[in-house]
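Accompanying notes for the structure given below.
Lettering of chains follows the sequences in order, A, B, ..., and the numbering in each one begins at 1. Bear in mind that the values here come from a model prediction, so they are computed numbers and not experimental data. For the numbers below, each heavy atom of this structure counts, side chains included, while hydrogens, waters and symmetry mates do not.
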2 protein chains.
Amino acid sequence: MSRREEITAAARALLEEEGEEALTMRNVADRLGIKAPSLYKHVSGRKEIETLLAAEALGEMGETLARESDLEGMGDAYRTWALANPALYRVATTRPLDREKLSPGVEEAAAAPLLEALDGDRDRARAFWALAHGLVLLEMDGRFPEDADIEAAWAAGLD
Amino acid sequence: MSRREEITAAARALLEEEGEEALTMRNVADRLGIKAPSLYKHVSGRKEIETLLAAEALGEMGETLARESDLEGMGDAYRTWALANPALYRVATTRPLDREKLSPGVEEAAAAPLLEALDGDRDRARAFWALAHGLVLLEMDGRFPEDADIEAAWAAGLD
DNA sequence: GGTCGAGGCTAACACAGTTAGCCAGATATG
DNA sequence: CATATCTGGCTAACTGTGTTAGCCTCGACC
């Protein structure tokens with residue numbers, strides 16, 4: 001496990017255990033028994049850590065979707081994963097990620113299962129993605145009252 | 001124009017002209033020819049400024065939607081407004097807003113036109129909202145390539 | 001065995017939000 | 001009219017953030 005990977009792991013643990021605002025250079029360094037400036041020997045800064053996390057998250061989401069066969073299953077899986085990893089989900093999907101540093105193909109791989117389930121129709125895939133993304137974010141942010149889940153059925157109703 | 005309103009206006013101008021990360025207490029204060037600590041005589045902190053901005057934004061979005069009659073028009077209007085006010089849109093719709101301080105009814109008013117266009121079907125209204133929200137955020141974050149707008153048609157296709 | 005890079009460290013800077021406490025001027029009160 | 005109070009500004013300061021500069025040590029390699 002390279003130092004970069006250890007940093008990514010520490011960052012992720014921080015995100016899961018203490019939430020998004022706990023992802024600071026000093027906290028990450030603490031987890032590794034190190035001082036914050038030393039992190040810069042391995043990583044260009046906080047943004048790069050976030051990019052590493054995004055890559056990891058996108059990979060996992062792609063795998064998760066790939067395990068499903070139909071759209072409804074993918075919707076459920078998407079929601080379940082996101083709600084199980086809310087802070088990581090936000091880091092990975094909110095904010096514009098810089099594709100330079102992202103190893104190429106990560107995004108495509110994440111989208112592939114969905115695209116396949118929709119017979120390669122990119123527009124519908126994007127619409128589905130947007131719907132899932134919107135639902136998850138609104139739910140995470142508590143923008144809905146206490147019902148809501150019927151919308152997963154709506155995603156199915158979409159097709 | 002009360003001091004609170006002036007603060008809100010300054011914050012909004014900052015958001016529009018210089019982007020989200022320019023929304024700092026010191027910048028807001030500068031716009032008013034004041035020092036940052038003085039803001040606390042009128043506002044409890046940064047979070048409250050964001051709540052004020054959210055209320056304003058939700059109001060405007062509600063008005064914007066109310067001007068349309070069908071779902072497709074609302075989709076276009078929603079997207080147009082969001083892309084014209086990206087930073088404000090983010091502040092208003094991202095992050096959980098505390099409803100305590102929000103004058104009650106603001107949220108309902110924003111949602112009302114959409115709900116009416118859907119004959120009071122809350123689930124479909126939420127699905128539409130989520131779709132629009134997802135599309136806008138993904139577009140704002142540059143998560144799509146350079147096509148995309150066909151999805152607006154998809155929103156129509158949804159119903 | 002000397003060289004040198006990898007990977008730690010401390011000190012420091014700019015800037016964020018925020019608090020405490022002071023002070024002038026307007027405003028209200030006796 | 002004089003006095004008290006309240007409003008809304010101020011400076012100084014604290015904590016926590018990302019980040020940079022520069023030093024030092026240890027282990028690997030010619």
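Note on R3(B): every side-chain N or O is 4.0 Å or more away from OP1 and OP2 of dT7(D). Contact annotation: H42(A) side-chain N/O to dA6(C) OP1/OP2 distance is not under 4.0 Å.
Among pairs with a residue in residues 38-47 of chain A, those fulfilling salt bridge (Lys or Arg N to Asp or Glu O under 4.0 Å) read R46(A)-E50(A), at least two apart in sequence or across chains. Under the ring pair (Phe, Tyr, Trp, His ring centres under 6.0 Å) criterion, no residue pair touches residues 17-70 of chain B, with sequence neighbours excluded.
Between Y89(A) and Y78(A), the angle of the ring planes goes over 60°, which puts this pair in the perpendicular group of the 30/60° scheme.
Rounded to an integer number of Å, the gap from NZ of K41(B) to P of dA24(C) is 14 Å. A straight line from CD of E6(A) to P of dA6(C) spans 17 Å, rounded to a whole angstrom. Per the geometry, CZ belonging to R4(B) stands 15 Å off P belonging to dT7(D), to the nearest Å. Going from atom CG of L39(B) over to atom C1' of dG17(C) covers 11 Å, rounded to whole Å. To the nearest angstrom, P of dG7(C) lies 10 Å from CD1 of I34(A). L32(B) has its CG atom 9 Å from the P atom of dG9(D), to the nearest Å. Y40(A) has its OH atom 17 Å from the P atom of dC13(C), to the nearest Å. What separates CG of D30(A) from P of dC9(C) is a distance of 10 Å, to the nearest Å.
A pairwise comparison of heavy atoms in I34(A) and S38(A) identifies CG2-CB, 3.6 Å as the closest pair. For L58(B) against A110(B), the heavy-atom pair with the smallest separation is O-CB, 3.5 Å. Summarising the geometry of A10(B) relative to L32(B), their closest heavy-atom pair is CB-CD2, 4.0 Å, with the distance given to 0.1 Å. Shown here for L137(A) and T94(A), the closest heavy-atom pair between the two residues is CD2-OG1, 4.4 Å.
If you check residues 8-15 of chain B against DNA chain C, you find no residue with a heavy atom closer than 4.0 Å.
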Could you go over nucleotides 11-17 of chain D and give all protein N or O partners under 3.5 Å, atom names and distances?
unit_1  : atom_1 : unit_2 : atom_2 : d
dT11(D) : OP2    : K35(B) : NZ     : 3.2

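For E5(B), the side chain to side chain contact (heavy atoms under 4.5 Å, CB included) partners are M1(B), S2(B), not counting sequence neighbours. Partners of A84(A) according to the side chain to side chain contact (heavy atoms under 4.5 Å, CB included) rule, which considers only residues two or more places apart in sequence or in another chain, do not exist here.
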